[in-house]
Amino acid sequence: MKGVLLVNLGSPDSPTPKDVKPYLDEFLMDERVIDVSKWLRTFLVRGLILQTRPKKSAEAYSKIWWDEGSPLVVISERFTEKVKQFIDMPIALGMRYGSMTIKKALQELKDKGVDDVLLVPLYPQYAMSSFETVVVKAMEDKDAFFPEMKITTLPAFYKNEDYIRVLSESIADGLKDFEYDHILFSYHGIPERHIKKSDPTKFHCKLDGSCCSTNSVAHNTCYRHQCFDVTESVKKHLNLPEDKVSLSFQSRLPNDPWLKPYTDYEFERFPKEGKKNLAVITPAFVSDCLETLEEIAMEGKHQFQEAGGEDYKHIPCLNDGDDWVQVMVKWLKNWQDNNTLPS
């Protein structure tokens, strides 16, 4: 029997240091997130970061926490329930990190008789620290606990026409009645070395400004290229002015070259250039989370206005919007009926 496993990032169980610490430990000890030797990763994470970060992160989570729980988890659950209304096969939701594990979700599917699973990482773009780690963890759990299962992975959907359409329409709706001077597409940042590590050719990705626009098989796993591609596709779909749209990357760690330009630098730069009214979109995520709700919607607004900006608007992610639900339903039905995946 066929079934579907939707997987998102995850969340601590509560916005307290007690629950944030094990969540951060699992997240940051992932070798695809901090890709250094295990002994160095252990020293950095458990010897340094976890000594102070849980308290700070808990304070950030407290700012965005809903009565129902973590926004990312609640939104993902709402999305899953909506999709279930249109699909007549079992669907489970798991998280890469935290207590809602992939293993639990696979067990839920097995208990319903599923042995043929479509794995759906809820990330539009491919990155080793997001999409890839979900696939690897799902396969590890399958091999260890559910060897009889078959898993097929839905590919990163950054260039799918239906995805671009609903993303564009969501952005257009968010821009209504907002007189913007500039629109910033802010994507989650990753270290530059991740781009080169994900390059199957081992020579194409040079981060020199031209490789992302030169056709290559490397683009299938190049996060940077895929971010540029989404931005250009939406810009074309909405006919946005060339000089009023740009791209940046948020959430970097210090002492390491990450993808540029940096979002926080852009927040300070725009007002100095007379761009006083800013709209910000975060298309690396399909569900609003700590990074979008606290870092961008709250801290980003404060930083932009402190630098002299005036109006600031964060446009929400697709979340559980009905149009986005119908796109996912279309993909799942095509796989269920014809074994075809979106392209």
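Numbers here simply count residues along the sequence, with the first being 1.
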Considering residues at least two apart in sequence or located in another chain, which fulfil the salt bridge (Lys or Arg N to Asp or Glu O under 4.0 Å) criterion with [X]?
{"X": "K244", "answer": "none"}
{"X": "E242", "answer": "K235"}
{"X": "K55", "answer": "none"}

I'd like to know if the side chain of [X] and the backbone of [Y] have a donor-acceptor N/O pair within less than 3.5 Å.
{"X": "H225", "Y": "C212", "result": "yes"}
{"X": "T340", "Y": "N334", "result": "yes"}
{"X": "T292", "Y": "C289", "result": "yes"}
{"X": "S57", "Y": "R53", "result": "yes"}
{"X": "Q125", "Y": "F131", "result": "no"}
{"X": "D199", "Y": "C205", "result": "yes"}
{"X": "D13", "Y": "D19", "result": "no"}
{"X": "Y223", "Y": "H188", "result": "yes"}
{"X": "K275", "Y": "Y180", "result": "no"}
{"X": "K313", "Y": "G174", "result": "yes"}

**OP:** Under the side chain to side chain donor-acceptor pair (under 3.5 Å) rule, what do E295 and S251 come out as? Steps first, then yes or no, please.
**Re:** CA-CA 8 Å; E295 183 177 348; S251 309; 2.7 Å; yes
Would you check if there is a donor-acceptor pair between the side chains of [Y] and [X] at a distance under 3.5 Å?
{"X": "T263", "Y": "S186", "answer": "yes"}
{"X": "H182", "Y": "S246", "answer": "yes"}
{"X": "Y187", "Y": "T231", "answer": "yes"}
{"X": "S287", "Y": "N8", "answer": "yes"}
{"X": "H219", "Y": "Q226", "answer": "no"}
{"X": "S70", "Y": "S11", "answer": "yes"}
{"X": "Q250", "Y": "E291", "answer": "yes"}

Atom [atom1] of residue position [X] - does it have more than 12 heavy atoms of other residues, nucleotides or ligands inside 6.0 Å?
{"X": "K38", "atom1": "NZ", "value": "no"}
{"X": "F178", "atom1": "CZ", "value": "yes"}
{"X": "K260", "atom1": "NZ", "value": "yes"}
{"X": "R41", "atom1": "CZ", "value": "yes"}
{"X": "Q51", "atom1": "CD", "value": "yes"}

**OP:** Classify the ring geometry between Y23 and F27 as parallel (under 30°), tilted (30 to 60°) or perpendicular (over 60°).
**Re:**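 Parallel, since the angle between the ring planes stays under 30°.
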Subject >> All pairs passing side-chain hydrogen bond (donor to acceptor under 3.5 Å, both in side chains) where residues 26-36 contributes a residue, at least two apart >> reply: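 Only D30-R96, D30-Y97, D30-T133, R32-E132, D35-R193, D35-H194, D35-K197 qualify under side-chain hydrogen bond (donor to acceptor under 3.5 Å, both in side chains).
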Original post:
Which pairs with one or both residues in residues 78-88 pass side-chain hydrogen bond (donor to acceptor under 3.5 Å, both in side chains), sequence neighbours excluded?
Top reply: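 Every side-chain hydrogen bond (donor to acceptor under 3.5 Å, both in side chains) pair that includes a residue of residues 78-88, provided the two are not neighbours, is E68-R78, E81-K84, K82-D322, D88-Q336.
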Can a salt bridge be assigned to the pair [X] and [Y] using a cut-off of 4.0 Å between side-chain N and carboxylate O?
{"X": "D141", "Y": "K137", "answer": "yes"}
{"X": "K63", "Y": "E59", "answer": "no"}
{"X": "K150", "Y": "D115", "answer": "no"}
{"X": "D173", "Y": "K176", "answer": "yes"}
{"X": "D162", "Y": "R165", "answer": "yes"}
{"X": "R224", "Y": "E192", "answer": "no"}
{"X": "K276", "Y": "E179", "answer": "no"}

Subject >> Hydrophobic cluster membership, V74 vs M328, 4.5 Å side-chain cutoff >> reply: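 In one cluster: no.
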Original post:
Cation over ring, K103 on F145, under 6.0 Å and within 45°?
Top reply: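 Checked: cation-pi criterion met.
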Shortest non-hydrogen separation from [X] to [Y] and the atoms involved:
{"X": "A307", "Y": "P271", "value": "O-CB, 3.3 Å"}
{"X": "K333", "Y": "I87", "value": "CG-CD1, 3.5 Å"}
{"X": "L167", "Y": "P283", "value": "CD2-CB, 4.2 Å"}

Original post:
So which of T282, I64, L72 actually passes side chain to side chain contact (heavy atoms under 4.5 Å, CB included) with L293?
Top reply: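 Testing each of T282, I64, L72 against L293, the sole residue satisfying side chain to side chain contact (heavy atoms under 4.5 Å, CB included) is I64.
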Subject >> Pairing residues for Q107 by the side chain to side chain contact (heavy atoms under 4.5 Å, CB included) criterion, not counting sequence neighbours >> reply: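 Q107 satisfies side chain to side chain contact (heavy atoms under 4.5 Å, CB included) with K110, D111, F146 once adjacent residues are dropped.
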Subject >> Spatial distance of atom CZ (F285) from atom CD1 (I296) [nearest 0.5 Å] >> reply: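 Atom-to-atom, F285:CZ and I296:CD1 are 8.5 Å apart.
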**OP:** Could you grab the distance from atom CG of L341 to atom CG of L154, nearest 0.5 Å is fine?
**Re:**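 Reported value, rounded in 0.5 Å steps: 5.5 Å.
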Original post:
Where do E268 and Q303 land on the side chain to side chain donor-acceptor pair (under 3.5 Å) test, with the steps shown first?
Top reply: CA-CA 7 Å; E268 295 183 355; Q303 187 175 10; 3.1 Å; yes
